[in-house]
Amino acid sequence: MKDFFTKCSLYLFIIALITSSFPFYIWGNSLFNIGLFLGYPLSFLLWKQKMKLRHAFIVFLFVCFYFYAFLFANNLNFLGYMLALFPFCLFLISGKYWRIIYQKYIFLFSITLIPSLIVYFLVVWLDFSLPYKEIEPINELKNYTYFAYPFCVIPNIGIRAFRFCGFYDEPGVIGTIAGVFLVTNRVNLKEWKNWPILVAGIFSFSLYFYVLLLLYFLLFSNLKMKIIFVVTVCSIIIPIKEDPLLEKFLFSRMEFEDGTFSGNNRTSASFETWYQDYLFSDNVFWGYGKGKSLIVDSGGASYKHLIVDYGIVMFLIYCLAFVLLYWEKFRRSKNMLLLIMLFLSLIYQRPFIFSTIYLFLLISPIYNLDSRKDSKGLMKG
């Protein structure tokens with residue numbers, strides 16, 4: 001009976017995880033909040049039975065951060081306050097359950113990408129006519145609609161619509177998830193599920209996806225794979241470098257301007273000016289409270305938002321907690337460095353540390369890299 005309830009909890013948690021990524025099927029309906037309401041309560045049923053003292057200390061650091069965020073949240077509704085308090089629950093889920101959740105989610109993600117990619121290529125690249133419905137965006141800041149096809153949405157924004165969005169409201173979501181999964185799986189193309197993820201990442205034209213794979217091959221692959229990667233990239237880039245679309249949406253964003261990537265558009269210019277003053281203010285140590293950053297930089301997404309909301313002290317505590325979590329598993333190893341690279345890359349450009357799906361991307365790779373044992377027995381037993 002206990003195993004039955006555990007299996008139900010796992011499957012329900014995976015459903016909550018999927019809805020927390022906001023696929024277009026749930027835009028504007030009651031399913032929108034399932035991932036928010038169910039994710040954290042269900043995690044209670046998947047907690048560790050025993051916990052070592054060092055792990056308890058790491059969890060305590062996360063509790064401190066999220067409790068601080070809860071106490072100093074600004075102008076939130078009831079759900080918002082709960083989301084500020086409960087994310088630490090995910091750090092209590094047992095590693096064997098995280099492995100199962102990771103494997104089930106990546107399977108569903110990969111297999112649903114196949115029909116989505118087929119629709120995308122038919123409509124965008126082959127100009128094939130398919131039935132669709134025009135829908136409103138999930139993000140109120142977006143001033144355009146979407147064409148909702150079976151298994152795929154395409155933004156109604158003219159030439160920029162050629163980037164693959166899949167089920168999500170922007171290609172960056174696909175690029176981020178695909179990049180994390182491929183790197184965590186060591187870009188193992190012997191596994192069929194990595195192929196749809198690779199193709200989806202490539203056609204998202206996500207700068208994050210390309211940079212993450214570049215760093216992975218340069219830092220973590222062997223010499224043979226480095227040579228193959230460099231030769232493959234050069235043979236692809238040289239013929240298409242002058243393509244106007246790719247130049248506008250990819251290559252131009254990789255250029256350096258004034259010491260930074262021209263594609264670094266995570267914050268507005270006005271916010272950057274405000275942020276420089278903030279760094280020398282009295283509030284820099286403890287922040288203004290959750291929500292301030294979006295008032296100052298509406299529509300932005302950067303680690304700087306975390307520093308504005310919670311201060312440099314709590315931001316460093318949060319980063320330290322993750323480093324200790326990685327260290328607990330891998331100590332001095334390539335896996336440790338790989339996880340730190342993933343953490344820094346996600347926090348840098350998508351610091352959504354209250355989102356179930358993005359916390360999943362930060363936590364689950366630890367246990368997938370650690371071992372795949374136990375991931376089959378429970379679901380079959």
Side-chain angles (χ1 to χ4, degrees), residues 13 17 20 39-40 43-44 46-73 81-99 101-102 176 180 183-184 284-291 293 301-371:
F13 184 84
L17 193 60
S20 73
Y40 301 130
S43 70
F44 297 164
L46 306 174
W47 281 6
K48 298 173 182 290
Q49 297 299 313
K50 296 180 180 179
M51 190 183 304
K52 294 181 179 179
L53 182 60
R54 63 174 179 267
H55 189 80
F57 174 71
I58 295 170
V59 172
F60 172 74
L61 293 179
F62 286 116
V63 171
C64 288
F65 177 88
Y66 284 107
F67 189 68
Y68 181 83
F70 169 78
L71 289 178
F72 294 94
Y81 280 104
M82 292 302 98
L83 293 179
L85 178 61
F86 285 137
F88 76 87
C89 298
L90 301 186
F91 296 92
L92 293 167
I93 294 178
S94 173
K96 69 177 182 179
Y97 296 141
W98 271 127
R99 285 190 284 273
I101 293 166
Y102 178 93
T176 299
V180 172
V183 167
T184 304
V284 69
F285 293 104
W286 301 105
Y288 281 100
K290 180 175 171 58
S293 59
S302 168
Y303 72 95
K304 296 176 182 178
H305 284 201
L306 300 179
I307 297 175
V308 169
D309 288 345
Y310 313 111
I312 192 70
V313 174
M314 297 308 296
F315 176 73
L316 291 176
I317 287 175
Y318 192 79
C319 293
L320 173 64
F322 262 106
V323 171
L324 292 176
L325 189 62
Y326 299 152
W327 178 264
E328 180 186 32
K329 286 291 180 185
F330 297 111
R331 302 297 172 107
R332 297 183 183 90
S333 69
K334 284 190 174 183
N335 281 340
M336 170 79 175
L337 296 177
L338 177 62
L339 287 168
I340 289 177
M341 181 186 77
L342 287 175
F343 172 75
L344 293 176
S345 68
L346 284 168
I347 287 293
Y348 177 79
Q349 62 105 38
R350 286 185 180 270
F352 306 142
I353 59 174
F354 299 91
S355 164
T356 311
I357 184 65
Y358 284 101
L359 282 172
F360 161 74
L361 294 178
L362 287 169
I363 301 171
S364 64
I366 302 171
Y367 303 101
N368 187 66
L369 288 171
D370 181 27
S371 170

**Student:** Does the pair Tyr66 and Phe354 meet the rule for a ring-ring contact (aromatic ring centres under 6.0 Å, His included), with working shown?
**Tutor:** CA-CA 9 Å; Tyr66 284 107; Phe354 299 91; 5.4 Å; yes
**Student:** Look at the rings of Phe352 and Tyr358 and say which category their plane angle falls in: under 30° parallel, 30 to 60° tilted, over 60° perpendicular.
**Tutor:**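 Taking Tyr358 first and then Phe352, their aromatic rings stand perpendicular (interplane angle over 60°).
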**Student:** Could you tell me if the side chain of Ile58 sits less than 4.5 Å from the side chain of Glu328, heavy atoms only?
**Tutor:**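 Yes, close enough: below the 4.5 Å cut-off.
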**Student:** Provide the closest heavy-atom pair for Ile357 versus Leu17 in the form atom of the first, atom of the second, distance.
**Tutor:**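 Heavy atoms only, the tightest pair is CA-CD1, 3.9 Å.
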**Student:** Is Ser302 reaching over with its side chain to a backbone N or O of His305, donor-acceptor style, under 3.5 angstrom?
**Tutor:**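 Absent.
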**Student:** Run the side chain to side chain contact (heavy atoms under 4.5 Å, CB included) test on Val183 and Met341 for me, step by step, so that the C-alpha distance in whole Å, both residues' side-chain angles and the decisive distance to 0.1 Å come before the verdict.
**Tutor:** CA-CA 10 Å; Val183 167; Met341 181 186 77; 4.2 Å; yes
**Student:** Hey, mind stepping through Leu359 and Phe91 against side chain to side chain contact (heavy atoms under 4.5 Å, CB included) and telling me if it holds?
**Tutor:** CA-CA 9 Å; Leu359 282 172; Phe91 296 92; 4.1 Å; yes
**Student:** What heavy-atom pair brings Arg99 and Asn368 nearest, and what distance separates the two atoms?
**Tutor:**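 Scanning both residues completely, I find the closest heavy atoms to be CG-N, 4.3 Å.
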**Student:** Check the orientation of Tyr318 and Phe343. Use parallel for under 30°, tilted for 30 to 60°, and perpendicular for over 60°.
**Tutor:**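 Because their plane-to-plane angle lies in the 30° to 60° range, the rings of Tyr318 and Phe343 count as tilted.
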**Student:** Using the rule ring-ring contact (aromatic ring centres under 6.0 Å, His included), only one of Phe315, Phe70, Phe322, Tyr310 pairs with Phe65; which is it?
**Tutor:**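 Single ring-ring contact (aromatic ring centres under 6.0 Å, His included) partner of Phe65 among Phe315, Phe70, Phe322, Tyr310: Tyr310.
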**Student:** Within the structure provided, determine whether Leu46 and Ile101 are in side-chain contact (heavy-atom separation under 4.5 Å).
**Tutor:**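 Yes; the side chains approach each other to less than 4.5 Å.
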**Student:** For the residue pair Pro351 and Ala301, what are the closest heavy atoms and their distance?
**Tutor:**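 Nearest heavy atoms, Pro351 then Ala301: CD-C, 4.0 Å.
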**Student:** Return the CG to CG distance between Leu344 and Leu339, rounded to the nearest 0.5 Å.
**Tutor:**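 Leu344 atom CG to Leu339 atom CG measures 11.0 Å (nearest 0.5 Å).
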**Student:** To the nearest 0.5 Å, what is the distance between CD1 (Ile353) and CG (Leu306)?
**Tutor:**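 Interatomic distance, Ile353 CD1 to Leu306 CG, rounded to 0.5 Å: 4.5 Å.
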**Student:** Of the non-hydrogen atoms in Ser20 and Ser355, which two are nearest, and what is the gap between them?
**Tutor:**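 So the minimum-distance heavy-atom pair works out to O-OG, 4.4 Å.
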**Student:** Taking ring-ring contact (aromatic ring centres under 6.0 Å, His included) as the test, write out the residues that go with Tyr68, two or more places apart.
**Tutor:**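 ring-ring contact (aromatic ring centres under 6.0 Å, His included) list for Tyr68, sorted by chain: Phe72.
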**Student:** If you define the side chain from C-beta out and look only at heavy atoms, does anything of Phe13 sit under 4.5 Å from Ile93?
**Tutor:**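 They are in contact (side-chain heavy atoms under 4.5 Å apart), so the answer is yes.
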**Student:** Side chain to side chain contact (heavy atoms under 4.5 Å, CB included) for Lys329 and Asn335? Distances and angles first, verdict last.
**Tutor:** CA-CA 9 Å; Lys329 286 291 180 185; Asn335 281 340; over 6 Å; no
**Student:** What orientation do Phe360 and Tyr102 show, parallel under 30°, tilted 30 to 60°, or perpendicular over 60°?
**Tutor:**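 Tilted, since the angle between the ring planes falls between 30° and 60°.
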**Student:** For Ile317, which residues count as a side-chain contact (heavy atoms from CB on, under 4.5 Å) partner, sequence neighbours excluded?
**Tutor:**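 For Ile317 the side-chain contact (heavy atoms from CB on, under 4.5 Å) partners, ignoring immediate neighbours, are Leu61, Val313, Met314.
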**Student:** What distance do Phe285 atom CZ and Ile307 atom CD1 have between them, rounded to the nearest 0.5 Å?
**Tutor:**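 Nearest 0.5 Å value for the CZ-CD1 distance: 12.0 Å.
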**Student:** Is there side-chain contact between Val180 and Leu362, with at least one heavy-atom pair below 4.5 Å?
**Tutor:**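 A side-chain contact is absent here, since even the closest heavy-atom pair is not under 4.5 Å.
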**Student:** Checking side chain to side chain contact (heavy atoms under 4.5 Å, CB included) for the pair Phe330/Leu337: CA distance, chi angles, key distance, verdict?
**Tutor:** CA-CA 9 Å; Phe330 297 111; Leu337 296 177; over 6 Å; no
**Student:** Taking all non-hydrogen atoms of both residues, which atom of Thr176 and which atom of Gln349 are closest, and how far apart?
**Tutor:**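 Here Thr176 and Gln349 meet closest at OG1-NE2, 3.3 Å.
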**Student:** So, for Tyr367 and Gly95, which heavy atoms are closest and what is the spacing to 0.1 Å?
**Tutor:**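 Smallest heavy-atom distance, with atoms named: CD2-CA, 3.4 Å.
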**Student:** A side-chain contact here means heavy atoms from C-beta on lying under 4.5 Å apart; do Leu324 and Arg54 qualify?
**Tutor:**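 Of all side-chain heavy-atom pairs linking Arg54 with Leu324, none is under 4.5 Å.
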**Student:** In Å, rounded to the nearest 0.5 Å, how long is the span from CG of Leu361 to OG1 of Thr356?
**Tutor:**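 Going from the CG atom of Leu361 to the OG1 atom of Thr356 covers 11.0 Å.
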